[in-house]
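So you know, we letter chains A, B, ... as the sequences are listed, proteins then strands, and number each from 1.
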Amino acid sequence: MTHSRFDTRLGLGITLAVTAFLIGPVLLSVTAGLTQNYFVGLKSGLTFQWVVQVWDLYADTIWRSYGVALATLAVTTVIGVPAAWVLTLFPGRLSRLLEELLTLPVAVPGLATALALIVSWGSTGWLRSSVAFIVVGHVLFTLPFMIRAVRASMQGAELVVLDEAAATLGASRRQRFFDIIVPAAKSGIVTGALTVVTLSIGEFNLTWLLHTPLTKTLPVGLANSYASMRLEVASAYTLVFLLMLLPLMVGLQWLATRTHRTGSLALGASS
Amino acid sequence: MSLSHATPMLARGGRHTALSGRRAWLIIAAPAVALFLAFWLLPMVKLAGLGATAPTGETANAYWLVVSEPRYWKSLFNTVGLSLAATLATLIIALPVGRFLARHPSFPGRRVLMSLLIFPLAFPGVVVGFLVILTTGRQGVLNTLSQLLTGEPTVLAYAMPGLFIGYVYFLLPRTIGLLTAAVEGIDKQWLEAAQTLGASTWRRFVDIELPALTGALTAAGAMCFATAMGAFGTVFTLGTRIDVLPITIYDEFTNYANLPVAAALSVVLGLSTWAVLYAANSLAASR
Amino acid sequence: MTAPLATDPLSITLTHCAKTWPDGTRALAPLDLEVRPGETLALLGPSGCGKTTLLRLICGLERADAGATIHFGEQAVTDVAPESRGVGVVFQGYALFPNMSVAENVGYGLKIRGVAAAARRDRVREMLALVELEALADRRIDQLSGGQRQRVALARAIAIQPRVLLLDEPLTALDARLRQQLRVDLAKLLRRLGITCVIVTHDQEEAMMLGDRVAVMSAGRLEQLGEPETLYRAPASPFVADFLGTLCRLEGAVVRRHLGVDTLAFRPHEIAIVAPGEGLPATVQARFFLGSQVRLELALEDGQRFTALVASNAPWQPDARVGVRMADAAPAALEEVASC
């Protein structure tokens, strides 16, 4: 098929402009985090002192974010993979309704979900003051992504037929689940896992209302630093966050291009 | 077990294996359903109920207040207007990008370009807000350039224009992927057929491509709109003086401790975003 | 009086047309080809032989390598964009626009050309009458059967009064029975239109039925161009011979001893089965009754196997010893094949 040259050039131009719009500010932030004095500019010299300062001030938020992400991942995997299998087995209207329901915490603004959690569970003291409260919020928000990724891999593998074949050979449900279903859905579970961790590490809307001074996560720390720290520290903190995201995004995209050329990722509404 | 004896080896479960076998799987979805009920659906119901109570010092219930007070209306209109504008801008910018990426499946650097376009997908709203400040804030690049060229300061970050830029920033990566996939899904022969029938690039775009993309554009637009409506981190970073609904809810909750109104506004916001998403997805699926 | 069904037919002349893909693979070796005004040329060959590429070069959807020229009649169209070439194309999957009704599909090319609504309506009605689909004018595309889609695609392509008509596997997407019937309809219609037409197909029967001449292609090369009968009776290469119907070959000492030639090549219906002692001795291995004919699987004494199609009253049963010779009506051309 022939493309008009004008069409191609216009497309390329806009694509490059959009790339600059998206990546330019990131580069600016990275530079600011590594510059002695941002207002003087690069000629003031490069330094790691801001990164070191961030580490001193906020290391706990970094570790906590990883902890919350891993706990969220554990819960979403344990409850999400079986749920995905049940949704695959029953492709009817009820099943669609259930999936629609489970997706509500993504469709509805995080602020509303957080308020609802506080109204119902905020007075349960041990829960309100622990990191578990944040994990609950993150699980609600990330579970649909895990289920969607796992379901996609289950449907591709004609898993219902495989399961029936294993059943006719006499395998119990537990055996079939661990011997047939989980291995077949492996790629979906890995994609889902990376998505869950990425989303959890960056989650702010829920976390801001759910956190306590003792349970700050990285994005909460970022918001604090943006409000109260000098620009270089805020930028250095952002840089640390970007470095944490980078391997996750690279992994996600690698997985996406393996299964699908475009590599459009499964991350949805989350700002 | 010996394989030689004559009786066939039966699977456990007896006669109704096909039906009851399937049903028995249902139990393993129970944890997910229980978690959803306990931590989302019931809390939401309770939140909705809270909106029906009267705030301290008021006689009317919070829903009535939300509907009758102009300042809540204004906040809602601001949010809807901003979200619509950001959605439209995003779709208009993302469509040519998606078309370009879909039509050129292999050129040097395409992988890197895709990665760069998708990377900001994982940024939380607060980071996007910070990037907007870095570029269009008081000490931003835009202001420096503007003072250099015109002598006039240009600061967008702390008001609606800055918020608009931030929204477009986080909506673009989400939309580009969706539209690229949609353009890839258009049957090339449709375009070739139109071309042999005499249609120019523009006519092919209007007559064939756009109709074929209506579903994807509707779905992507709804996703953008819903995301923008509920976005909190960006506006939180840019300044709490911008009057949009998430900030109003946050203010009512933290500054005025007015839980009923915060609840009522959350329910209104949640229902409206969900309704838009649901309607658009049904529309897109019916095509 | 409505517009004529088609304009005066033009020839299509391809000179030195080659196509190399960006990755370096050769889709088409340099090729010269002339399609005569008003004739239907069938491009026949297995998939991947370059026949569709050749068609796409003619309509301009692909550009030939440098040095090629394409003429419609006297006019050079090598650098003319597809939208300005005035070609009617029926695509393999029909490529009907799903967002338009049957009538809108057929009228789309006219709308692009700025034909007024009333004139357009008349022309669309005329086209739909031509393919016998008047009743379905307002249907959506997904409400049509495969055969109906094929006819809508055809109507859409000829509605613009194209200078040449190109059909890419027009019947492949249909089931066998429907294909048989539409083949006859299509042949009649093309004759009536009198338009210069190129049909791409991998089906030899279709090519021979629809094509005034057939161009057999293989591996990006034109193997032979001629009238169907010439190709069948005097194939220029073993590939052509084999592609146009089954070709059996026998060779070796047995053949030499009994017939005095090194190789014998023939089609299954071109040999006669006679009583043993005459011709080449063979044994019947299997017999299949096909209605009007009987198909015999035979073997020579040295084990070489071949097939014969004989009249259905032939008495030969499995294990019968028989003699084989060329049928009386068999053309002399077979000797030529034998030597190739």
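- If you measure heavy-atom distances from B/P120 to chain A, the contacts under 4.5 Å come from the side chain alone.
- Using a 4.5 Å cut-off between heavy atoms, B/F253 touches chain A through its side chain atoms alone.
- The 12-atom threshold is exceeded at CG of A/L97, counting heavy atoms of other residues, nucleotides or ligands nearer than 6.0 Å.
- Only the side chain of B/L277 comes within contact range of chain A, with at least one heavy atom under 4.5 Å from a heavy atom of that chain.
- In this structure, the portion of A/L143 lying under 4.5 Å from any heavy atom of chain B is its side chain and not its backbone.
- For B/F205, no part sits under 4.5 Å from any heavy atom of chain A, backbone or side chain.
- When each of A/L104, A/V250, A/L245, A/L98 is scored by its heavy-atom pairs under 4.5 Å with chain B, the top score falls to A/L104.
- Using a 4.5 Å cut-off between heavy atoms, B/L50 touches chain A through its side chain atoms alone.
- Once rounded to the nearest 0.5 Å, the distance linking CZ of B/R103 with CD1 of B/I186 reads 5.5 Å.
- Note that CG of A/D163 and CZ of A/F177 are 10.5 Å apart. Values are rounded to the nearest 0.5 Å.
- Side chains of A/T8 and B/H104 form a contact here, defined as non-hydrogen atoms less than 4.5 Å apart.
- Looking at A/A84, neither its backbone nor its side chain comes within 4.5 Å of chain B, counting heavy atoms on both sides.
- Of the two parts of A/I181, only the side chain, counted from C-beta on, holds a non-hydrogen atom closer than 4.5 Å to a non-hydrogen atom of chain B.
- Both the backbone and the side chain of B/S115 have a heavy atom closer than 4.5 Å to some heavy atom of chain A.
- Looking at B/L117, the atoms closer than 4.5 Å to chain A (heavy atoms on both sides) sit in the backbone and in the side chain alike.
- Both the backbone and the side chain of A/V119 come within less than 4.5 Å of a heavy atom of chain B.
- Considering only heavy atoms from C-beta on, B/T135 stays 4.5 Å or farther from B/I165 through its side chain.
- In plain terms, the two heavy atoms of B/P124 and A/F204 that are nearest each other are CB-CB, 4.3 Å.
- Considering only heavy-atom pairs separated by less than 4.5 Å from chain B, the leading option among A/I201, A/V86, A/L222 is A/V86.
- Going from atom CG of B/L113 over to atom CZ of B/F100 covers 7.5 Å, rounded to the nearest 0.5 Å.
- Contacts of A/L209 with chain B are made by side-chain atoms alone, with heavy-atom separations under 4.5 Å and no backbone atom involved.
- There is no contact between A/T103 and chain B, counting heavy-atom distances below 4.5 Å.
- Counting non-hydrogen atoms of neighbouring residues, nucleotides and ligands closer than 6.0 angstrom, the CZ atom of B/F107 exceeds 12 such neighbours.
- In terms of heavy-atom pairs under 4.5 angstrom with chain A, the leader among B/L265, B/T254, B/L171, B/L26 is B/L26.
- Atoms CG and CD1, from A/L127 and A/I134 in turn, are 10.5 Å apart once rounded to the nearest 0.5 Å.
- Relative ring orientation between B/F236 and B/F232 is described as tilted, the plane-to-plane angle lying within the 30° to 60° band.
- In terms of heavy-atom pairs under 4.5 angstrom with chain B, the leader among A/L10, A/I147, A/V26, A/L101 is A/L101.
- Annotation: maximal heavy-atom pairing with chain B below 4.5 Å, among A/Y237, A/W208, A/W85, A/F6, occurs at A/W208.
- Neither the backbone nor the side chain of B/L271 comes within contact range of chain A; no heavy atom of the residue lies under 4.5 Å from a heavy atom of that chain.
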Legend entry - A/Y226 and A/T238: CA distance, side-chain angles, deciding distance, side-chain hydrogen bond (donor to acceptor under 3.5 Å, both in side chains) verdict: CA-CA 10 Å; A/Y226 294 156; A/T238 309; 2.9 Å; yes
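- With chain B as the partner, the residue from A/G24, A/A223, A/P25, A/A32 showing the most heavy-atom pairs under 4.5 Å is A/P25.
- There is a side-chain donor-acceptor pair under 3.5 Å between A/T207 and A/H138.
- Not less than 6.0 angstrom separates the ring centroid of B/F130 from the ring centroid of B/F123.
- Each of B/V45, B/V33, B/T237, B/V127 has some count of heavy-atom pairs under 4.5 Å with chain A, and the biggest count is that of B/V127.
- Your options are A/S29, A/G137, A/A83, A/P105, and the one with the most heavy-atom pairs under 4.5 Å with chain B is A/P105.
- Using a 4.5 Å heavy-atom cutoff, the side chains of A/W121 and B/K46 are not in contact.
- Heavy atoms closer than 4.5 Å to chain A are found in the side chain of B/I249, but not in its backbone.
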